[in-house]
Amino acid sequence: MPYFDAASAAPLHPVARQALLAALDEGWADPARLYREGRRARLLLDAAREAAAEAVGCRPDELVFTPSGTRALHDGIAGALAGRRRTGRHLVVSAVEHSAVLHSAAVHEAAGGTVTEVAVDRTGRVGAGAYAAALRPDTALAVLQSANHEVGTVQPVAEVAEACREAGVPLLVDAAQSLGWGPVEGGWSLLTASAHKWGGPSGVGLLAVRKGVRYAPQHPADERESGRAPGFPDLPAVVAAAASLRAVRQEAAEEAARLRALVDRIRARVPELVPDVEVVGDPARRLPHLVTFSCLYVDGEALLHALDREGFSVSSGSSCTSSTLTPSHVLRAMGVLTEGNVRVSLPRGSTSEEVDRFLGVLPGAVAEVRGALGAPAGDVGSPSGEGELIVDSLGRRCPIPVIELARAFGDVAVGGLVTVLSDDEAARLDVPAWCEMRGQEYVGERPVAGGVAYTVRRRA
């Protein structure tokens with residue numbers, strides 16, 4: 001069964017498995033103790049730290065291991081903000097950061113701090129100039145991901161780091177999605193990552209803090225990991241994480257070229273095979289293994305289940321799932337279609353045959369979901385009426401409001417209006433996206449009792 005969700009968690013690398021099993025025998029003792037077993041464990045921990053630091057591009061004494069990448073982000077942000085409290089309490093983040101960053105920002109704001117979210121363009125990329133403009137004299141910390149976890153867009157970290165350096169603001173880089181492919185360029189101040197993203201075991205994160213960066217850990221004092229990650233380390237997992245990071249880096253250039261070619265095939269073929277599809281993310285400045293697309297008139301959760309029945313494991317940042325009923329904050333910030341969102345992230349070793357089979361089953365899976373929802377086929381119908389038509393979709397979740405919008409176009413003449421009433425937040429994105437994809441004019445929105453009215457003018 002092809003597993004195409006490496007951006008969530010990559011399969012355990014063979015080197016990680018070997019290192020983990022070996023460390024279970026040799027690294028079980030307390031590395032802080034001076035007897036033989038403790039010294040042996042300490043040697044393993046030091047070697048793992050040196051290997052990880054080399055991959056990150058920092059000194060070994062600047063890097064600590066944490067229980068997860070999320071914990072590394074939470075601790076890194078809190079510690080850096082506390083260390084620079086005298087400078088101010090202003091935090092800058094991009095609008096498409098991982099939810100762990102945005103949750104930390106929310107906690108900071110609730111405690112009296114201020115937060116600026118820098119907008120991104122339609123590809124999900126932040127402008128270095130816009131980011132620089134968000135920096136203020138009271139900015140204590142800036143945070144920027146190296147590459148986006150939902151759409152794969154690579155961010156201009158080096159340019160933002162230079163702007164932060166000129167402003168005297170430390171930059172924390174979330175390198176979870178990119179570290180397995182190469183070091184993060186630029187003069188960053190703090191960096192975090194997560195081992196299960198590159199094929200290491202889960203439960204290991206990295207936090208690097210450059211010398212000279214003001215940092216105050218926000219938990220009770222602990223002598224382990226320089227006081228930045230309290231508690232007894234999972235040494236076998238740490239050893240496996242460092243060993244697998246070194247291994248994937250050695251394979252990265254060749255594997256990136258191979259997977260990029262497969263992803264290019266998906267990016268080109270999906271719009272040819274499936275009508276009304278939007279491929280999102282930067283087409284060039286992106287991770288080599290990840291592609292995301294959204295399908296009009298499709299419920300994202302239903303599509304994932306349909307693909308799962310065909311033997312493919314993929315994920316989604318779609319708004320249209322019964323578990324959330326809210327748009328992905330990344331897709332919302334980009335202003336792209338959220339319906340029927342599919343993220344394909346190929347693990348190392350994915351084959352051309354698997355990709356071809358995925359492309360073979362995708363059209364049928366999309367057609368199955370569209371058929372179950374009663375989605376219209378082909379272009380909008382021939383005009384038969386005039387004036388304005390009101391479509392009441394209050395209480396109905398996406399993609400139903402957009403499907404009903406498309407059906408209604410057969411009942412208005414060119415120049416006529418269709419207004420959709422909806423209380424689903426996703427409609428704010430999906431109705432304008434439908435207009436762009438179908439060549440119609442989005443007039444705007446206005447509040448109404450129970451929801452929002454979205455008005456579209458028929459152009460053709």
Side-chain angles (χ1 to χ4, degrees), residues 7-10 12 16 20 31-32 45 48-49 51-53 55-56 58 60-84 91 93-94 97-111 113 115 140-149 170-180 184 188-210 213-242 244-245:
S8 292
L12 193 66
L20 181 64
L45 179 59
R49 196 184 315 279
V56 168
C58 66
D61 60 350
E62 294 174 330
L63 184 144
V64 298
F65 296 102
T66 66
S68 68
T70 295
R71 184 60 182 268
L73 281 169
H74 289 171
D75 288 354
I77 292 171
L81 287 170
R84 285 175 47 84
L91 171 67
V93 302
S94 85
E97 296 300 315
H98 191 276
S99 59
V101 171
L102 300 185
H103 291 159
S104 286
V107 169
H108 175 64
E109 197 166 29
V115 178
L141 178 67
V143 182
L144 181 64
Q145 59 192 194
S146 54
N148 186 259
H149 50 292
L171 175 66
L172 184 154
V173 176
D174 173 11
Q177 288 296 334
S178 73
L179 191 61
V184 176
W188 50 266
S189 301
L190 303 93
L191 182 144
T192 64
S194 186
H196 72 276
K197 302 294 187 180
W198 67 67
S202 59
V204 179
L206 305 180
L207 170 61
V209 182
R210 297 281 198 194
V213 175
R214 293 187 178 276
Y215 188 88
Q218 295 302 287
H219 48 67
D222 192 285
E223 69 277 7
R224 299 181 187 275
E225 293 297 291
S226 304
R228 293 175 182 163
F232 197 100
D234 185 348
L235 185 52
V238 164
V239 170
S244 58
L245 180 55

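We use all heavy atoms of the structure for the numbers below, so side chains are in, but hydrogens, waters and symmetry mates are not. By convention here, the first residue in the shown sequence is residue 1. Quantities reported herein were computed from a predicted structural model and do not represent experimental measurements.
- At a threshold of 4.5 Å between non-hydrogen side-chain atoms, the residues H103 and V107 do not count as touching.
- Rounding to the nearest 0.5 Å places OG of S8 at 9.5 Å from NE2 of H149.
- Nearest heavy-atom pair across L91 and H108 is CB-CD2, 3.9 Å.
- Between R84 atom CZ and S189 atom OG the span is 8.5 Å, to the nearest 0.5 Å.
- When every heavy atom of G199 is checked against every heavy atom of A10, the shortest pair comes out as N-CB, 3.6 Å.
- Using a 4.5 Å cut-off on side-chain heavy atoms (C-beta onward), F65 and D234 make no contact.
- Evaluation of the side chain to side chain contact (heavy atoms under 4.5 Å, CB included) rule for A193 yields L179, W198, L206 as partners, not counting sequence neighbours.
- Looking at S146 and Q177, their side chains never come closer than 4.5 Å, going by heavy atoms from C-beta outward.
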Ignoring hydrogens and angles, write down the donor-acceptor pairs under 3.5 Å from the side chains of residues 74-83, residues two or more places apart or on other chains.
from: H74; atom 1: NE2; to: A100; atom 2: O; distance (Å): 3.4
from: D75; atom 1: OD1; to: R71; atom 2: NE; distance (Å): 3.0
from: D75; atom 1: OD2; to: R71; atom 2: NE; distance (Å): 3.0

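- Within the 4.5 Å cutoff, side-chain heavy atoms of L172 are placed close to those of L141.
- Looking at L191 and C58, their side chains never come closer than 4.5 Å, going by heavy atoms from C-beta outward.
- Between L63 and L207, every side-chain heavy-atom pair lies at or beyond the 4.5 Å cut-off.
- Note that NZ of K197 is 6.0 Å distant from OG of S194, once rounded to the nearest 0.5 Å.
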Original post:
Run the side chain to side chain contact (heavy atoms under 4.5 Å, CB included) check on L144 and V173 step by step: do they pass?
Top reply: CA-CA 5 Å; L144 181 64; V173 176; 5.6 Å; no

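- Taking both residues in full, the closest heavy atoms of A237 and L20 are given as N-CD1, 3.8 Å, listed atom of the first, atom of the second, then distance.
- Counting all heavy atoms, side chain and backbone alike, V115 lies closest to E109 at CG2-CB, 4.1 Å.
- Contact annotation: the side chain of V209 never approaches that of E62 to less than 4.5 Å [non-hydrogen atoms, C-beta and beyond].
- Between A242 and A48, the closest heavy-atom pair is CB-O, 3.4 Å.
- For R210, the CZ atom sits in a packed shell: over 12 heavy atoms of surrounding residues, nucleotides or ligands are nearer than 6.0 Å.
- Residue L73 holds its CG atom at 3.5 Å from OG1 of T192, rounded to the nearest 0.5 Å.
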**OP:** Please report the C-alpha distance between V213 and L190 in whole Å, then the side-chain angles of each, then the deciding distance to 0.1 Å, and finally whether the side chain to side chain contact (heavy atoms under 4.5 Å, CB included) criterion is met.
**Re:** CA-CA 8 Å; V213 175; L190 303 93; 4.0 Å; yes

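- Counting all heavy atoms, side chain and backbone alike, V184 lies closest to A175 at CG2-CB, 3.7 Å.
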